[in-house]
Number of protein chains: 2
Amino acid sequence: MSILRTPPVAGTADPSGLPANRVAAGALPCNTCAARQFSICAPVSDADLPHFFAMSVKLRFEPRRYLFDEGDAPRYVFSIASGTVCLSKALSDGRRQITGFLFAGDFIGLAHGETCAYTAEALTPVEVCRFPRDRFERYMTEHPHVERRLLQIASTELAAAQDQMLLLGRKTATERVASFLIRLSDRAVAHGRSGNPVCLPMTRAEIGDYLGLTLETVSRTMTQLRKRGAIDLDNTSVVRLTSEETLRRLAGV
Amino acid sequence: MSILRTPPVAGTADPSGLPANRVAAGALPCNTCAARQFSICAPVSDADLPHFFAMSVKLRFEPRRYLFDEGDAPRYVFSIASGTVCLSKALSDGRRQITGFLFAGDFIGLAHGETCAYTAEALTPVEVCRFPRDRFERYMTEHPHVERRLLQIASTELAAAQDQMLLLGRKTATERVASFLIRLSDRAVAHGRSGNPVCLPMTRAEIGDYLGLTLETVSRTMTQLRKRGAIDLDNTSVVRLTSEETLRRLAGV
DNA sequence: TGGATGCCCTGATCTAGGTCAAGGCAGGGT
DNA sequence: ACCCTGCCTTGACCTAGATCAGGGCATCCA
């Protein structure tokens, strides 16, 4: 696995040219960060934001780059500013399970023990704020609001994981794909974007690795949903939900 | 679903006969609770234990009783003192996925939103300490050590959930059953008990609902593991791991 | 302009595990 | 002593989805 790991590409997010962790308070990029309100930083007070921000470095990862790999020492935690990341676990023969797709506002760094429990890979160009794990934990200890927020995040993640177990253990291929499209749509709405033309910033193979199916089955199921009048494909990565009701029924509760 | 719900049976755990939440500090059942060191109460200081304990009621649930049901208002959180509980989610047609088996020391109450996200059912006679959710949260706010501990628990649960997604999405039936037996064995060891004759306090159907298989496949796979020399069945609910190495190999990483 | 590459779709065939059915065995009640 | 019930096992058969294979269509680069 770790052979596949590629080093991160340093970002250029701070237009001031100053080192990312030494920015004047008034010019904090956080103030214009679209992901802020959905992020771990949401409960950080304006007064404390410079201090919080000072712990971080903003980085950019190109598609197919790894933020970290299963088995690495967990030195950092991340908050996604933009782009799509997938988390995955692999078996030694190459079979893998994607455990989640993450978007702007999502936090990466839970569930690690002595080593990283999963791989985090950029699927699109990704911008993240990266925090050293130990400093982040110290900060949390001193700022219970942030710790409380992280507990909420963990709790939400856990509920999502349980939903996914139900999907993987008991749903049919049609139900899986329909559920997946609905979740993406609902998530877009929750983040204030349109839920209807749903963007799929991942390949059919990646969807398959998320849904416990092969890419062929994902593809076949998509055309089947199209023929049933539930969706329409503008191109392979933009899905219009022509009948959300049909889709929700096919998703099977 | 909620039709199935049965009311809890009040416990008789406190031999003093006093109401469970009014016990003298010196006589705290916590002091002799075998589960204490593995529980949410582990980080509670001895000095604070009476206060913590005063929030709780000790209850006993008989097999097949529900602690709560998917969709209920989440009024309580629980710490298991003894017995086995399963958490599950169901589809409207009856298919269900067990998302976890819980034992002495485990905490129940994460991952709920407005309503309970899953059903909790006693598989054996179960003793729990039950805390009102709101009082428990207030206590946490005032005792960061407990909140920190809950975050650790949530993080561990999340890692386990991701393992389970890999199992459900990508492992074969043999790998699933072998992984399951190994996990039970490892967990017993982690709790200071013997890892080798593994007890299965759940039925084949329940194992199937946990592993995304049918009870027939679980049964067939067990006899296959027996024929391969990996395990031996003393009776249907006690498994001896005759070759742990074979079993770990069959579990596939 | 013409490969080369990466994704996607679709058809033919295969198989792991599901479904259906029958029988065994232990424990509990009368 | 007998039945009933719940659980487990095993056999015969079936099917959803995997596997294998081929072809299409963008995008990129020489």
Ignoring hydrogens and angles, does a donor from either the side chain of B/R220 or the base of C/dT19 sit under 3.5 Å from an acceptor on the other?
-> yes
Whole-Å gap separating C1' (D/dT9) and CG (B/L225) = 15 Å
Ordered by number, residues from residues 203-211 of chain A within less than 4.0 Å of DNA chain C (heavy atoms) are A/T203, A/R204
Could you label the plane-to-plane angle of the A/F68 and A/Y118 rings as parallel, tilted or perpendicular, counting under 30° as parallel and over 60° as perpendicular?
-> tilted
Length of the CG-P vector between B/N235 and C/dG27, whole Å | 9 Å
Atom CG of B/D234 and atom P of C/dA26: how far apart are they, to the nearest Å?
-> 15 Å
Do B/K89 and B/T119 have a side chain donor and acceptor closer than 3.5 Å?
-> no
Centroid-centroid under 6.0 Å between A/Y210 and A/F101 rings | yes
Across the strands shown, which category fits B/L215 at heavy-atom distances under 4.0 angstrom: base, sugar-phosphate, nothing?
-> base
Which of C/dC7, D/dG17, C/dG17 is nearest the side chain of B/T217? It is C/dG17
From C/dC7, C/dC9, D/dT9, pick the nucleotide closest to the side chain of A/S219?
-> C/dC9
Any idea which of C/dG17, C/dC8, C/dG18 is nearest the A/T236 side chain?
-> C/dC8
A/Q224 CD to C/dC9 C1': how many Å, rounded?
-> 14 Å
Min side-chain heavy-atom separation B/R36-B/T32 under 4.5 Å = no
State, without any angle test, whether B/R176 and B/Q164 hold a side-chain donor-acceptor pair at a distance under 3.5 Å.
-> no
Rounded to whole Å, the CG-P distance (B/L123 to D/dG6) equals 17 Å
Let me know the distance between NZ of B/K171 and P of C/dA16, rounded to the nearest Å.
-> 18 Å
Ranking A/R170 and A/M222 by the position along DNA chain C of their nearest nucleotide, the one closer to 5' is A/M222
Between the base of C/dC8 and the side chain of A/E216, is there any donor-acceptor pair under 3.5 Å?
-> no
Does a donor on one side chain and an acceptor on the other come within less than 3.5 Å for B/T174 and B/Q224?
-> yes
Whole-Å distance, A/L168 CG to C/dG17 P, equals 15 Å
Short side-chain N/O contact from A/T172 to OP1 or OP2 of D/dA16, under 4.0 Å | no
Once you round to the nearest 0.5 Å, how far does OG1 of A/T221 lie from CZ of A/R228?
-> 10.0 Å
Whole angstrom value for the distance that separates C1' of D/dC7 from CZ of B/R64 | 11 Å
